[in-house]
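Scroll down for the structure; my scribbles are underneath it.
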Amino acid sequence: MRLRMPLSVLSAAGLSLTALGLGAAPAGAAEAPLAPADSYAAYAGSSEEAAANRAFFEAVLESVAEKRAADPTGAAAVTVVYNASQAPTFATQIARSAQIWNSSVSNVRLQSGTSGADFSYREGNDSRGSYASTDGHGRGYIFLDYAQNRTYDSTRVTAHETGHVLGLPDHYSGPCSELMSGGGPGPSCTNAYPNSAERSRVNQLWANGFAAALDQAEKALQKSGR
Ligand SMILES: [Zn+2]
């Protein structure tokens, strides 16, 4: 992950390089684009995927941190802005995913916007399926694959990928009632809502404002095996 903001901005936001996961990053690694975080249909996530999930989440947090630093008097609930203009085919599913998450959690809010977005959605054909990743310039994006969204419930795919935005790792072995089990339960699973454990996890992650979200996310994602 590239560090795009000056250190003074970081300290103004009460953040440290360690909290952002940058302190431990090996030299040079920050510049390299990571492999896609998530193939959605995979039955077991690799450590490479988990690392990319983490990089994606950090990119989102970094973007949010930048804006919070510029406006420290902002609301207690953190707003994460997404740009859906590059994924017009999935406009309905993206809006629905934001609605699902916004009605499921209280400490973080997803909001559509074309300027100053914290991450974006893209669409296209990719044999690896849908995934969350970073573009090598510290920007996070969710890629939605056409074929996969025809095979699997498209709203579930989109809501699952959006779960990575909020800091949740993959758990492919979980049941259909779990959103982050992704394609694990098979194409017949159409549940697009997070279960109570997933909702609590996201709320806890973002509970005490932004700095706490960073620390919690680091722990959670490390535990998931990056
Ligand atoms: Zn995933």
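For the numbers below, each heavy atom of this structure counts, side chains included, while hydrogens, waters and symmetry mates do not. Residue indices begin at 1 and follow the sequence shown. None of the values given here were measured: they were computed from a predicted structure.
- Considering all non-hydrogen atoms of both residues, S103 and Y193 come closest at OG-CE2, 4.4 Å.
- Rounding to the nearest 0.5 Å places OH of Y82 at 4.5 Å from OG of S112.
- Formation of a donor-acceptor pair under 3.5 Å by the D170 side chain with backbone atoms of S181 is not found in this model.
- Residues V64 and V165 share a hydrophobic cluster, clusters being chains of Ile/Leu/Val/Met/Phe/Trp/Tyr side chains in contact below 4.5 Å.
- The minimum heavy-atom distance linking S104 with R199 is given by the pair O-CD, 3.1 Å.
- At least one donor-acceptor pair under 3.5 Å links the side chain of S97 to the backbone N or O of A159.
- Here the closest heavy-atom approach between residue D145 and residue F90 is recorded as O-CZ, 4.5 Å.
- Using a 4.5 Å heavy-atom cutoff, the side chains of N195 and L179 are not in contact.
- Counting all heavy atoms, side chain and backbone alike, G174 lies closest to P185 at O-CG, 3.7 Å.
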Pair T162, H164 - check side chain to side chain donor-acceptor pair (under 3.5 Å), show working. CA-CA 5 Å; T162 307; H164 291 307; over 6 Å; no
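- Going from atom OG1 of T155 over to atom CD of Q99 covers 10.5 Å, rounded to the nearest 0.5 Å.
- The OG atom of S196 sits 13.0 Å away from the CZ atom of R201 when rounded to the nearest 0.5 Å.
- To the nearest 0.5 Å, atom CD of residue Q148 and atom CZ of residue R128 are 12.0 Å apart.
- Annotation for S133 and F56: closest pair O-CD1, 3.1 Å, computed over non-hydrogen atoms.
- Proximity of Y146 to E123: side-chain heavy atoms (C-beta onward) are separated by under 4.5 Å at one or more points.
- Under the side-chain contact (heavy atoms from CB on, under 4.5 Å) test applied with R156, the options N149, N191, T190 reduce to a single match, N191.
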V202 and N107: CA distance, side-chain angles, deciding distance, side chain to side chain contact (heavy atoms under 4.5 Å, CB included) verdict: CA-CA 8 Å; V202 168; N107 292 328; over 6 Å; no
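- In this structure, the side chains of R96 and S154 stay at 4.5 Å or more apart for every pair of heavy atoms.
- S120 and N83 are not linked by any side-chain donor-acceptor pair at a separation below 3.5 angstrom, with hydrogens and angles left out of the test.
- Considering only heavy atoms from C-beta on, V80 comes within 4.5 Å of V108 through its side chain.
- Remark: R122 CZ to Q86 CD distance equals 6.0 Å, nearest 0.5 Å.
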Applying side chain to side chain contact (heavy atoms under 4.5 Å, CB included) to S130 and I142, what does each step give before you reach the verdict? CA-CA 7 Å; S130 305; I142 287 172; over 6 Å; no
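- Cluster annotation: F57 is connected to V105 through the hydrophobic network of ILVMFWY side chains, with a link wherever side-chain heavy atoms come within less than 4.5 Å.
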Verdict with supporting geometry, T79 and Q111, side chain to side chain donor-acceptor pair (under 3.5 Å): CA-CA 7 Å; T79 298; Q111 187 181 295; 4.7 Å; no
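- Counting heavy atoms from C-beta outward, C189 and D153 have side chains that stay 4.5 Å or more apart.
- The ring-ring contact (aromatic ring centres under 6.0 Å, His included) pairs that include a residue from residues 91-119 are F119-Y121, where partners are two or more places apart or lie in different chains.
- W206 and L166 make their closest contact through NE1-O, 3.1 Å (heavy atoms, listed as atom of the first residue, atom of the second, distance).
- Hydrophobic clustering (ILVMFWY, side-chain heavy atoms < 4.5 Å, transitive): I100 and V60 are in distinct clusters.
- The main-chain N or O of V78 is never found under 3.5 Å from a side-chain atom of R109 such that the two would form a donor-acceptor pair.
- Rounding to the nearest 0.5 Å places CG of L168 at 12.0 Å from CD of E161.
- Ring geometry for Y172 against H160 counts as parallel: the plane angle stays under 30°, on a 0 to 90° scale with 60° as the upper cut.
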